Amino acid sequence: MIGMEWTECAKNAFFTLASNGWVEFAVYVVLGFIFSSAVGRLYTGLASAQHMPKQILKLLSRALKGIIWALVLVQGLRAVGVDVVGILGAAGVMGVAIGFASQTSLSNLISGIFLVSERSFKPGDYIQVEGEEGTVESINLLSVYLRKPDNSLVRIPCETLIKSPVRNITGSPRRRIDLDVGVDYNCDLEQVKRVIFEVIKQEPDLPDTPAPAVLFSGFGDSALNLHIGVWCKTEAYHTQRYRLATALLAAFRKEGINIPFPVRTVLHQNVQD
(Lines give C-alpha, C1' and ligand atoms only; values in the text may rest on other atoms or scores of the structure.)
Protein backbone atom coordinates (compact mmCIF):
# COMPACT_ATOMS: atom_id res chain seq x y z
CA MET A 1 0.00 0.00 0.00
CA ILE A 2 2.78 2.40 0.89
CA GLY A 3 4.51 1.67 -2.42
CA MET A 4 1.32 2.37 -4.33
CA GLU A 5 0.87 5.66 -2.46
CA TRP A 6 4.42 6.76 -3.33
CA THR A 7 3.84 5.80 -6.97
CA GLU A 8 0.60 7.79 -7.05
CA CYS A 9 2.34 10.80 -5.45
CA ALA A 10 5.15 10.62 -7.98
CA LYS A 11 2.65 10.48 -10.85
CA ASN A 12 0.73 13.44 -9.50
CA ALA A 13 3.96 15.42 -9.02
CA PHE A 14 5.09 14.57 -12.55
CA PHE A 15 1.78 15.60 -14.12
CA THR A 16 1.78 18.79 -12.05
CA LEU A 17 5.28 19.70 -13.19
CA ALA A 18 4.46 18.71 -16.77
CA SER A 19 1.34 20.85 -16.81
CA ASN A 20 3.35 23.83 -15.57
CA GLY A 21 6.10 23.30 -18.17
CA TRP A 22 8.87 22.27 -15.79
CA VAL A 23 9.39 18.88 -17.43
CA GLU A 24 9.87 20.58 -20.78
CA PHE A 25 12.26 23.00 -19.09
CA ALA A 26 14.29 20.05 -17.76
CA VAL A 27 14.41 18.51 -21.23
CA TYR A 28 15.83 21.74 -22.66
CA VAL A 29 18.48 21.82 -19.90
CA VAL A 30 19.51 18.24 -20.67
CA LEU A 31 19.75 19.08 -24.40
CA GLY A 32 21.84 22.12 -23.50
CA PHE A 33 24.34 19.96 -21.61
CA ILE A 34 24.49 17.49 -24.51
CA PHE A 35 25.13 20.12 -27.19
CA SER A 36 27.60 22.12 -25.09
CA SER A 37 29.56 18.93 -24.38
CA ALA A 38 29.63 18.20 -28.12
CA VAL A 39 31.00 21.70 -28.77
CA GLY A 40 33.69 21.08 -26.12
CA ARG A 41 34.74 17.83 -27.80
CA LEU A 42 34.81 19.55 -31.19
CA TYR A 43 37.07 22.29 -29.76
CA THR A 44 39.43 19.68 -28.30
CA GLY A 45 39.64 17.84 -31.63
CA LEU A 46 40.33 20.97 -33.67
CA ALA A 47 42.87 22.25 -31.14
CA SER A 48 44.81 18.97 -31.28
CA ALA A 49 44.74 19.06 -35.09
CA GLN A 50 46.02 22.71 -34.97
CA HIS A 51 44.04 23.75 -38.01
CA MET A 52 43.27 27.10 -36.37
CA PRO A 53 44.87 29.22 -33.61
CA LYS A 54 43.82 28.02 -30.17
CA GLN A 55 42.66 31.51 -29.13
CA ILE A 56 40.23 31.66 -32.05
CA LEU A 57 38.96 28.14 -31.33
CA LYS A 58 38.44 28.98 -27.67
CA LEU A 59 36.51 32.13 -28.58
CA LEU A 60 34.31 30.24 -31.06
CA SER A 61 33.71 27.48 -28.52
CA ARG A 62 32.60 29.96 -25.87
CA ALA A 63 30.40 31.80 -28.38
CA LEU A 64 28.67 28.57 -29.47
CA LYS A 65 28.13 27.48 -25.88
CA GLY A 66 26.72 30.91 -25.06
CA ILE A 67 24.29 30.72 -27.99
CA ILE A 68 23.21 27.20 -27.00
CA TRP A 69 22.50 28.15 -23.38
CA ALA A 70 20.76 31.36 -24.45
CA LEU A 71 18.38 29.31 -26.62
CA VAL A 72 17.90 26.80 -23.78
CA LEU A 73 17.06 29.60 -21.34
CA VAL A 74 14.62 31.30 -23.72
CA GLN A 75 12.78 28.10 -24.63
CA GLY A 76 12.76 26.88 -21.03
CA LEU A 77 11.34 30.13 -19.70
CA ARG A 78 8.67 30.13 -22.39
CA ALA A 79 7.74 26.59 -21.40
CA VAL A 80 7.08 27.63 -17.78
CA GLY A 81 5.08 30.66 -18.86
CA VAL A 82 7.57 33.48 -18.34
CA ASP A 83 7.14 36.57 -20.55
CA VAL A 84 10.40 36.25 -22.52
CA VAL A 85 9.56 39.14 -24.87
CA GLY A 86 9.42 41.60 -22.01
CA ILE A 87 12.68 40.32 -20.55
CA LEU A 88 14.42 40.54 -23.92
CA GLY A 89 13.17 44.11 -24.38
CA ALA A 90 14.66 45.15 -21.05
CA ALA A 91 17.87 43.26 -21.85
CA GLY A 92 18.08 45.08 -25.19
CA VAL A 93 17.99 48.47 -23.49
CA MET A 94 20.65 47.35 -21.03
CA GLY A 95 22.69 45.92 -23.91
CA VAL A 96 22.75 49.28 -25.68
CA ALA A 97 23.93 51.02 -22.51
CA ILE A 98 26.60 48.38 -21.87
CA GLY A 99 27.66 48.57 -25.53
CA PHE A 100 28.36 52.29 -25.31
CA ALA A 101 30.31 51.75 -22.10
CA SER A 102 32.43 48.91 -23.54
CA GLN A 103 33.37 50.25 -26.99
CA THR A 104 37.09 50.17 -26.17
CA SER A 105 36.93 46.58 -24.93
CA LEU A 106 34.99 45.52 -28.02
CA SER A 107 37.55 47.23 -30.26
CA ASN A 108 40.37 45.44 -28.44
CA LEU A 109 38.51 42.14 -28.73
CA ILE A 110 38.08 42.48 -32.50
CA SER A 111 41.72 43.59 -32.82
CA GLY A 112 42.80 40.56 -30.77
CA ILE A 113 40.97 38.24 -33.18
CA PHE A 114 42.79 39.84 -36.11
CA LEU A 115 46.14 39.55 -34.31
CA VAL A 116 45.65 35.87 -33.55
CA SER A 117 44.51 35.17 -37.12
CA GLU A 118 47.31 37.18 -38.72
CA ARG A 119 50.13 35.51 -36.75
CA SER A 120 52.52 38.40 -37.38
CA PHE A 121 54.30 37.48 -34.14
CA LYS A 122 54.11 34.71 -31.55
CA PRO A 123 55.05 34.17 -27.90
CA GLY A 124 58.83 34.27 -27.60
CA ASP A 125 59.34 36.87 -30.36
CA TYR A 126 61.06 40.16 -29.54
CA ILE A 127 59.03 43.09 -30.87
CA GLN A 128 59.00 46.90 -30.81
CA VAL A 129 55.78 48.96 -30.80
CA GLU A 130 54.84 52.47 -29.67
CA GLY A 131 58.16 53.06 -27.92
CA GLU A 132 57.96 49.77 -26.03
CA GLU A 133 59.98 46.65 -26.74
CA GLY A 134 60.33 43.22 -25.23
CA THR A 135 59.68 39.51 -25.56
CA VAL A 136 56.07 38.50 -26.21
CA GLU A 137 54.90 36.77 -23.04
CA SER A 138 51.33 36.00 -24.10
CA ILE A 139 48.81 36.97 -26.78
CA ASN A 140 45.29 37.40 -25.44
CA LEU A 141 42.07 38.57 -27.05
CA LEU A 142 42.20 41.98 -25.34
CA SER A 143 45.90 42.63 -24.85
CA VAL A 144 49.45 41.41 -25.39
CA TYR A 145 51.99 41.15 -22.56
CA LEU A 146 55.65 42.03 -23.21
CA ARG A 147 58.53 41.06 -20.92
CA LYS A 148 61.04 43.92 -21.11
CA PRO A 149 64.82 43.42 -20.79
CA ASP A 150 64.66 44.70 -17.17
CA ASN A 151 62.11 41.89 -16.46
CA SER A 152 59.18 44.29 -16.08
CA LEU A 153 55.89 43.33 -17.71
CA VAL A 154 54.05 45.68 -20.08
CA ARG A 155 50.44 45.24 -21.15
CA ILE A 156 49.66 46.61 -24.62
CA PRO A 157 46.03 46.74 -25.85
CA CYS A 158 45.41 44.78 -29.05
CA GLU A 159 43.94 47.89 -30.69
CA THR A 160 47.32 49.64 -30.34
CA LEU A 161 49.09 46.73 -32.04
CA ILE A 162 46.63 46.80 -34.95
CA LYS A 163 46.85 50.57 -35.48
CA SER A 164 50.62 50.98 -34.98
CA PRO A 165 53.63 49.62 -36.89
CA VAL A 166 55.05 46.56 -35.12
CA ARG A 167 58.67 45.55 -35.64
CA ASN A 168 59.28 41.85 -35.11
CA ILE A 169 63.03 41.70 -34.51
CA THR A 170 63.32 37.95 -34.01
CA GLY A 171 60.64 36.84 -36.45
CA SER A 172 63.18 35.43 -38.95
CA PRO A 173 65.92 32.83 -38.38
CA ARG A 174 68.61 35.25 -39.66
CA ARG A 175 69.36 38.83 -38.67
CA ARG A 176 71.80 41.36 -40.10
CA ILE A 177 74.51 42.93 -38.00
CA ASP A 178 74.98 46.59 -38.95
CA LEU A 179 78.13 48.42 -37.85
CA ASP A 180 79.23 51.93 -38.73
CA VAL A 181 82.91 52.76 -38.50
CA GLY A 182 85.04 55.76 -39.43
CA VAL A 183 88.68 55.55 -40.54
CA ASP A 184 91.34 58.21 -40.93
CA TYR A 185 91.45 60.21 -44.17
CA ASN A 186 95.02 58.97 -44.70
CA CYS A 187 93.87 55.34 -44.84
CA ASP A 188 93.67 53.30 -48.02
CA LEU A 189 89.99 52.34 -48.35
CA GLU A 190 90.81 49.21 -50.35
CA GLN A 191 93.11 48.03 -47.58
CA VAL A 192 90.45 48.79 -44.97
CA LYS A 193 87.86 46.86 -46.98
CA ARG A 194 90.22 43.90 -47.36
CA VAL A 195 90.92 43.80 -43.61
CA ILE A 196 87.21 43.91 -42.79
CA PHE A 197 86.44 41.00 -45.12
CA GLU A 198 89.31 38.98 -43.65
CA VAL A 199 87.94 39.50 -40.15
CA ILE A 200 84.45 38.44 -41.25
CA LYS A 201 85.86 35.36 -42.99
CA GLN A 202 87.67 34.28 -39.83
CA GLU A 203 84.42 34.26 -37.84
CA PRO A 204 82.98 30.72 -38.25
CA ASP A 205 79.43 31.69 -37.25
CA LEU A 206 79.10 34.44 -39.88
CA PRO A 207 77.83 32.76 -43.08
CA ASP A 208 78.91 33.67 -46.60
CA THR A 209 75.29 33.66 -47.79
CA PRO A 210 73.83 36.24 -47.91
CA ALA A 211 77.13 37.87 -48.77
CA PRO A 212 78.52 40.45 -46.31
CA ALA A 213 78.80 44.03 -47.53
CA VAL A 214 81.16 46.94 -46.84
CA LEU A 215 79.81 50.23 -48.17
CA PHE A 216 81.14 53.78 -48.20
CA SER A 217 78.56 55.94 -46.42
CA GLY A 218 80.08 59.43 -46.57
CA PHE A 219 82.77 61.96 -45.76
CA GLY A 220 82.62 62.79 -42.08
CA ASP A 221 84.07 65.76 -40.25
CA SER A 222 87.14 63.80 -39.23
CA ALA A 223 86.75 60.34 -40.84
CA LEU A 224 85.79 58.35 -43.90
CA ASN A 225 82.59 56.61 -42.85
CA LEU A 226 81.94 52.98 -43.76
CA HIS A 227 78.92 50.76 -43.19
CA ILE A 228 79.36 47.03 -42.54
CA GLY A 229 76.51 44.57 -42.98
CA VAL A 230 76.86 40.87 -42.20
CA TRP A 231 74.29 38.16 -41.42
CA CYS A 232 74.09 35.79 -38.48
CA LYS A 233 71.63 33.55 -36.67
CA THR A 234 68.99 35.58 -34.84
CA GLU A 235 69.59 33.95 -31.47
CA ALA A 236 73.35 34.72 -31.70
CA TYR A 237 72.94 38.36 -32.77
CA HIS A 238 74.30 40.14 -29.69
CA THR A 239 77.15 37.68 -29.19
CA GLN A 240 78.26 37.88 -32.82
CA ARG A 241 77.96 41.67 -32.92
CA TYR A 242 80.27 42.00 -29.92
CA ARG A 243 82.77 39.46 -31.32
CA LEU A 244 82.84 41.19 -34.70
CA ALA A 245 83.41 44.63 -33.18
CA THR A 246 86.21 43.28 -30.97
CA ALA A 247 87.89 41.48 -33.87
CA LEU A 248 87.69 44.55 -36.11
CA LEU A 249 89.23 46.76 -33.46
CA ALA A 250 92.12 44.32 -32.95
CA ALA A 251 92.69 43.99 -36.72
CA PHE A 252 92.68 47.76 -37.24
CA ARG A 253 95.27 48.22 -34.52
CA LYS A 254 97.43 45.47 -36.01
CA GLU A 255 97.25 46.95 -39.53
CA GLY A 256 97.78 50.53 -38.34
CA ILE A 257 94.31 51.65 -39.40
CA ASN A 258 93.38 54.62 -37.26
CA ILE A 259 89.83 55.30 -36.05
CA PRO A 260 89.88 59.06 -35.46
CA PHE A 261 87.81 61.00 -33.00
CA PRO A 262 86.53 64.55 -33.46
CA VAL A 263 88.93 67.28 -32.40
CA ARG A 264 87.59 70.65 -31.30
CA THR A 265 89.75 73.74 -30.94
CA VAL A 266 88.47 76.36 -28.52
CA LEU A 267 89.87 79.85 -28.97
CA HIS A 268 89.88 82.17 -25.99
CA GLN A 269 89.99 85.85 -26.73
CA ASN A 270 90.68 88.44 -24.04
CA VAL A 271 88.33 91.36 -24.29
CA GLN A 272 89.71 94.57 -22.87
CA ASP A 273 87.69 97.65 -22.12
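Worth saying up front: this structure is predicted, and the values here are computed from it rather than measured. Note that these values count all heavy atoms, side chains included, but never hydrogens, waters or copies made by symmetry.
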Under the 3.5 angstrom rule, does the side chain of [X] hit a backbone N or O of [Y] as a donor-acceptor pair?
{"X": "Arg167", "Y": "Tyr126", "answer": "no"}
{"X": "Asn168", "Y": "Asp125", "answer": "no"}
{"X": "Thr234", "Y": "Arg174", "answer": "yes"}
{"X": "Asn140", "Y": "Leu142", "answer": "no"}

Any side-chain heavy-atom pair of [X] and [Y] under 4.5 Å:
{"X": "Ile200", "Y": "Ile228", "answer": "yes"}
{"X": "Phe121", "Y": "Ile139", "answer": "yes"}
{"X": "Val136", "Y": "Lys122", "answer": "no"}
{"X": "Leu249", "Y": "Ile259", "answer": "yes"}
{"X": "Ile196", "Y": "Phe252", "answer": "yes"}

- Task: Only counting residues at least two apart or in another chain, list the ones meeting ring pair (Phe, Tyr, Trp, His ring centres under 6.0 Å) with Phe219.
- Result: Phe216
- Query: Is any side-chain N of the basic residue among Glu190 and Arg194 closer than 4.0 Å to the acidic one's carboxylate O?
  - Reply: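 The answer is no: the pair does not qualify as a salt bridge.
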- Query: OG of Ser152 to CZ of Arg147: how many Å apart, nearest 0.5 Å?
  - Reply: 8.0 Å
- Message: Working to the nearest 0.5 angstrom, can you tell me the gap between Ile177 CD1 and Leu244 CG?
- Response: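 So the gap between those two atoms works out to 6.0 Å.
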- Query: Glu130 and Thr160: side-chain donor and acceptor closer than 3.5 Å?
  - Reply: no
- Query: Is it the case that more than 12 heavy atoms not belonging to Asp180 sit under 6.0 Å from its CG atom?
  - Reply: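 Atom CG in Asp180 is crowded, with more than 12 foreign heavy atoms closer than 6.0 Å.
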